[in-house]
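Okay, so here's the structure we're looking at.
In what follows, every chain begins at residue 1, and chains take the letters A, B, ... in the order their sequences are listed. All figures in this text were calculated on a predicted structure; none of them were measured in a lab.
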Amino acid sequence: MNSEIPEKLLKPYNPVEEENLIYKKWEESGYFTPENMIKDGLTKADAEPFTIILPPPNVTGILHMGHAMMLTVQDILIRHKRMRGFRTLWLPGTDHAAIATQSKVEKEVQKAEGKSRHDLGREEMLNRVNAFAQDSHDTIVNQMKVMGASLDWSREAFTLDEKRTLAVRTVFKKMYDDGLIYRSNKIINWDPKGQTTISDDEIVYEARKATLYTFKYSKGFPIAISTTRPETKVGDVAVAVHPDDERYKEYVGKEYDVVFCGVPIHIKIIADEAVEKEFGTGALGVTPAHSMIDWEIADRHDLPRPQVINEYAKMMVGDERLMGKKVAEARDIIVNWLKEEGLVEKEEAIDQNVATAERTSGIIEPLPKLQWFIDVNKPFTLADSNINDIASGSQTTLKEIMRTTVGTGQIDIIPDYFSKTYFHWIDNLRDWCISRQIWYGHRIPVWYKENEIYCGIEAPEGAGWTQDEDTLDTWFSSGLWTFSTMGWPEQTEDLKIYHPTSVLETGYDILFFWIARMILMTGYTLGDIPFKKVYLHGLVRDAQGKKMSKSLGNAMDPLDIAAKYGADAGRMALIIGTAPGTDSKISEEKIKGQKHFANKIWNITRFVLSNFDSTSVNAAFTPDDTVIAAQWHETAKKITADIDAYRLHVAAEDIYQYIWTTFADKILEESKPLLASEDIAVKQSRQKLLFTILCENLTVLHPFMPFVTEAIWQLLGKDNLLMTEVWPIN
RNA sequence: GCGCGAUUAGCUCAGUUGGUAGAGCGGCGCUUUUACACAGCGAAGGUCGCAGGUUCAAGUCCUGCAUCGCGCACCA
């Protein structure tokens, strides 16, 4: 008697029909929550934990293929470990993404209603942003489910919810009390378009053509200087030359009063090592208020720092020619004036990198402002340390924590060459400016009253206190993510069991933004590492290798892919042929190929079932079949080892190859005569072999293609979920 | 300027510790044989960027070069 073939199996596999139902089934089982696995005896109570915290997607809209990549890689790791018997937690959440979200809503409001955020006011603007964030959140959660992500939704967190706010304020206060957070009036990166400061890492350099002008401030001035920004020269206080420069030695120490395009300026000639003799005339007009390097020179020489450009990138000095003009206009005006005066000596076209803001593309205007910073070099005492080479109670710095945890191998980055990039970044790291002049985000927990300052978790008692208007850089709260999600500062069970987490999986593009900040924050707050391993995936590009973007019209929506080919196909296509840390290209053709693969397994199942007799389960394997079973186990072992070593692309290809080339093309074909054999022993052995290999193939493929494998598993009449089936290799 | 990565079949890319090259897609020919045409079978297609070196043996290690891409710094 052959088994009855389920009706569904007689038709080609239809992913759309299956996937939603299967996800619901998983979700209703409760087994995304590790405690439920333990309760039902599917995971041992003392099993080793395996934890991944989901990099929280920004609530700025919808997920893209990069997110699909992240979800796929993590879900593979998670499902594999769950089946291997680990106490497996994958914790979901979303990120408020401060500037990104607010500027998105601001644009929408501006477009739809012609109103700015100031027209709406802080409260109304925040209502709008929150509503948008909620919408985004719902869309994103739905997308993650469509992708098959086996996330523990009972633990979902948001970077701006109540618990995370407590964590943020607690850390801020601790750092403030330790003197690591300070407020200072110094030069920062100002984004005139976004009307906020940004950190060094939020700057994107764009190559542009510029004109380098060489001129003297006035007729009688002894030294010519070169600049691409003549309009800033009204803020000059010095001309710096290299100490060894013979050409200018005689002038060092002298001071001059000149009137530059109507603005009186006082110039001192100074010698400083930072000046390159070879560049331009070898003399640098020092504008302390509007250039990072000049600010530092001013520090060394105790120079004044007059601000001449305001927050709107407009001139704030001069007569009617300059006052109130945009910097670009002012530049033309000054160049014309220089020419009229006959002061220009040279004009040359050069390539220049212009600093722009990542989110708004506005041109950055360095200017001095009273802001909050984290000191990355200041020594402090780390009371309790689990960090290798930093003893409890010893002095350390945030930079040292970041360097040591990776340097000692306590945190392992895959691929390892990214460690070099990481160290290089740390070496160049300056204090982190954490305050932002936007409304959406964690408000700085500092209150002022006349000359008093109060930093606390709650507002101070008494009347007359006003809270700092600014909010925190979104990466401040993201930095706490591995432990804030687990309920810190409360000493929760979750923290004891699941922290430090096992793997942090994300794109290499946020190595500095996020990974480094998590290491910094966790090291400082818990004296521990946030994760043991960092797995970096590459960027997903289109078939031509272009970055996917809405404006280019080449963006793929994971939802569309799932609707057209099935989420399984999309997942598999993202993994195969993609080495960690390397950008990959994805095309519909590639995804289509994987849809065919899902159908192939479906058809294999039809064949196996139609030739299966349940009495064969007790049959003994013939010597031939024993060999085939053993060969499969060798393959399964290799696949397991590859997953353990994070070579997911190799593992995916191997299981694909085995199922199609070995199992279907070879073993199944060779089985046809054997299944028709008169020899019952041979026939039954083969029936059992095919059924066994099919089941184990499904198990091993499940982390990669969870839906089709689970769908088939249910058709095989199994009484458990494939999701909780035990992995065939130990 | 400092650093990193890439260069393998027409296209997109794999290739863990060095042992005489692989996949997907595309193209070609044949096959409608009852698991599957979302298929099967077969053939074609590569001096693994270039030049040296180490080794019995190198796509895999070392040196140099070229081209492309990226990061950081500079950007007066």
Side-chain angles (χ1 to χ4, degrees), chain A residues 5 9-10 12-14 200-201 203 205 207-208 210 212-214 225-230 232-233 236 239-241 274-276 279-287 290-294 297 350-355 415 417-429 508-509 511-512 538-539 541-545 565 569 572-573 576-579 581-611 638 641-642 644-647 649-654 656-657 660-661 664-665 668-669 671-672 690:
Chain A
I5 307 297
L9 259 185
L10 298 176
Y13 176 58
N14 182 347
D200 296 344
D201 297 288
I203 290 175
Y205 289 97
R208 292 196 192 165
L212 183 69
Y213 301 94
T214 299
I225 55 158
S226 301
T227 182
T228 55
R229 299 200 58 188
T232 64
K233 299 293 102 182
D236 279 15
V239 164
V241 298
V275 181
E276 269 182 57
F279 191 96
T281 60
L284 162 66
V286 181
T287 325
H290 300 287
S291 157
M292 296 286 171
I293 186 166
D294 293 6
I297 291 174
I350 60 161
D351 293 311
Q352 192 187 226
N353 282 331
V354 176
Y417 56 76
F418 274 107
S419 315
K420 289 185 190 168
T421 314
Y422 173 82
F423 290 129
H424 191 238
W425 176 81
I426 294 174
D427 290 341
N428 289 302
L429 185 63
Y508 64 78
D509 51 332
L511 181 60
F512 313 137
L539 307 180
R541 298 169 180 279
D542 75 1
Q544 277 71 46
Y565 306 103
M572 199 68 171
I576 285 191
T578 307
T582 309
D583 292 357
S584 60
K585 294 170 191 167
I586 187 119
S587 61
E588 290 214 20
E589 283 307 308
K590 191 173 177 186
I591 299 165
K592 206 162 124 193
Q594 295 303 328
K595 176 179 186 276
H596 295 172
F597 178 53
N599 192 50
K600 185 77 183 179
I601 309 158
W602 191 256
N603 290 321
I604 288 169
T605 306
R606 184 189 309 149
F607 177 83
V608 172
L609 271 193
S610 64
N611 287 289
K638 183 180 178 299
D642 281 331
D644 282 340
Y646 296 88
R647 291 189 292 263
H649 57 300
V650 176
E653 197 154 346
D654 280 350
Y656 178 98
Q657 284 303 318
W660 204 313
T661 315
D665 292 349
L668 250 52
E669 289 306 324
S671 297
K672 285 174 182 173
L690 296 185

Worksheet, complete the sentence: pair_partner(B:rU63), Watson-Crick or wobble, both distances < 3.5 Å, evaluates to B:rA51
Practice prompt. Could you give the distance separating B:rG69 and B:rC13 at their P atoms, to the nearest angstrom?
Written response: 14 Å
Item to complete: Take atom NE2 of A:His649 and atom P of B:rC13, then tell me their distance rounded to the nearest Å.
Response: 14 Å
Worksheet item: Of all the choices, B:rC36, B:rC74, B:rC38, which nucleotide is nearest to the side chain of A:Asn353 once you look at every atom?
Response: B:rC74
Worksheet item: Roughly how many Å is it from OH in A:Tyr656 to P in B:rC13, rounded to a whole number?
Response: 18 Å
Item to complete: Just call it for A:Thr287: base, sugar-phosphate, or nothing, with non-hydrogen atoms closer than 4.0 Å on any strand.
Response: nothing
Worksheet entry | Whole angstrom value for the distance that separates P of B:rA35 from CZ of A:Arg606 | 10 Å
Fill in: Base partner of B:rC4, which must satisfy Watson-Crick or wobble distances under 3.5 Å
B:rG69
Worksheet, complete the sentence: Correct closest heavy-atom pair for A:Phe418 and A:Leu511 would be O-CD2, 3.9 Å
Discussion item. Please report the distance, rounded to the nearest Å, between CG in A:Leu668 and C1' in B:rA39.
Written reply: 13 Å
Worksheet item: Distance between the C1' atoms of B:rG24 and B:rG64, in whole angstroms?
Response: 36 Å
Fill in: A:Ser291 vs A:Ile203, nearer the 5' end of RNA chain B by closest nucleotide
A:Ile203
Practice prompt. Record whether the side chain of A:Tyr13 comes under 3.5 Å of the base of B:rC38 through a donor-acceptor pair of N or O atoms.
Written response: no
Worksheet item: Of the candidate nucleotides B:rG40, B:rA35, B:rG71, which contains the atom at the shortest distance from the side chain of A:Thr421?
Response: B:rG71
Discussion item. Please find the pair of heavy atoms, one from A:Ala207 and one from A:Asn353, that lie closest to each other, and give the distance.
Written reply: CA-OD1, 3.7 Å
Item to complete: Would you give the length of the straight line joining atom CD of A:Glu653 to atom CE of A:Met572, rounded to the nearest 0.5 angstrom?
Response: 8.5 Å
Practice prompt. Tell me which nucleotide among B:rG15, B:rG71, B:rC75 gets nearest to the side chain of A:Phe512.
Written response: B:rG71
Worksheet item: Between the base of B:rA14 and the side chain of A:Gln657, is there any donor-acceptor pair under 3.5 Å?
Response: no
Fill in: Short side-chain N/O contact to B:rA35 OP1/OP2 from A:Lys672, under 4.0 Å
yes
Discussion item. So if I take every side-chain heavy atom of A:Lys595 and compare against B:rC38, B:rC36, B:rC41, which nucleotide ends up nearest?
Written reply: B:rC38
Worksheet item: What are the two closest non-hydrogen atoms of A:Ile576 and A:Lys590, and how far apart are they?
Response: O-NZ, 2.8 Å
Worksheet item: A:His424 side chain: which of B:rA73, B:rA23, B:rC72 is closest?
Response: B:rC72
Fill in: Out of B:rC41, B:rG5, B:rC13, whichever nucleotide has its closest atom nearest the side chain of A:Lys585
B:rC13
Worksheet item: Within the structure shown, what part of the strands sits under 4.0 Å from A:Ser584 by heavy-atom distance: base, sugar-phosphate, or nothing?
Response: nothing
Item to complete: Check A:Gly282 against A:Val275 and note the closest heavy-atom contact, atom names and distance.
Response: O-CG1, 3.5 Å
Practice prompt. Tell me which nucleotide among B:rA35, B:rA14, B:rA39 gets nearest to the side chain of A:Trp660.
Written response: B:rA39
Practice prompt. Calculate the interatomic distance between A:Phe597 atom CZ and B:rC25 atom P; express it in whole Å.
Written response: 12 Å
Item to complete: Ignoring the backbone of A:Glu589, work out which of B:rG15, B:rA35, B:rG26 is nearest its side chain.
Response: B:rG26
Worksheet, complete the sentence: Between CD1 of A:Ile426 and P of B:rG71 the distance, given in whole Å, is 19 Å
Item to complete: Name the nucleic acid region contacted by A:Val286, choosing base, sugar-phosphate or nothing; use a 4.0 angstrom heavy-atom cut-off, strictly under.
Response: nothing
Worksheet item: Nearest heavy-atom pair of A:Ala240 and A:Val286: which atoms, and what distance?
Response: CB-CG2, 3.7 Å
Item to complete: Have a look at A:Asp583 and say if it touches a base, only the backbone sugar-phosphate, or nothing, with a 4.0 Å heavy-atom cut-off.
Response: nothing
Practice prompt. Using both distances under 3.5 Å as the test, list the Watson-Crick or G-U wobble partner of B:rU20, or none.
Written response: none
Worksheet item: How long is the gap from CG on A:Asp583 to OH on A:Tyr508, to the nearest 0.5 Å?
Response: 3.5 Å
Worksheet, complete the sentence: Heavy atoms of A:Phe607 and A:Asn611 approach each other most closely as O-ND2, 2.9 Å
Worksheet entry | Closest-nucleotide 5' rank along RNA chain B - winner of A:Tyr417 and A:Tyr508 | A:Tyr417
Discussion item. In this structure, how many angstroms lie between the P atom of B:rA37 and the CH2 atom of A:Trp602, rounded?
Written reply: 15 Å
Fill in: For atom CG of A:Asn611 and atom P of B:rC36, their distance in whole Å
12 Å
Discussion item. What's A:Ile225 touching, base or sugar-phosphate or nothing? Going by heavy atoms closer than 4.0 Å.
Written reply: nothing
Worksheet, complete the sentence: The Watson-Crick or G-U wobble partner of B:rC30, with both key distances under 3.5 Å, is B:rG40
Discussion item. What's the closest nucleotide to the side chain of A:Lys600 if the choices are B:rU12, B:rC75, B:rA35?
Written reply: B:rA35
Practice prompt. Answer with base, sugar-phosphate or nothing: what part of the nucleic acid does A:Ile576 contact at a heavy-atom distance below 4.0 Å?
Written response: nothing
Discussion item. Counting the atoms with a prime plus P, OP1 and OP2 as sugar-phosphate, which does A:Ala664 contact under 4.0 Å by heavy atoms, base, sugar-phosphate, or nothing?
Written reply: base
Worksheet item: Contact class for A:Leu511 (heavy atom, under 4.0 Å): base, sugar-phosphate, or nothing?
Response: nothing
Discussion item. Can you tell me which nucleotide in B:rC38, B:rA35, B:rA73 comes closest to the side chain of A:Tyr205?
Written reply: B:rA73
Worksheet item: Can you find a donor-acceptor N/O pair under 3.5 angstrom joining the side chain of A:Lys590 to the base of B:rC25?
Response: no
Worksheet item: Taking atom P in both B:rU8 and B:rA51, what distance in whole Å separates the two?
Response: 15 Å
Item to complete: Provide the Watson-Crick or G-U wobble partner of B:rA14, both distances under 3.5 Å; none if there is no partner.
Response: none
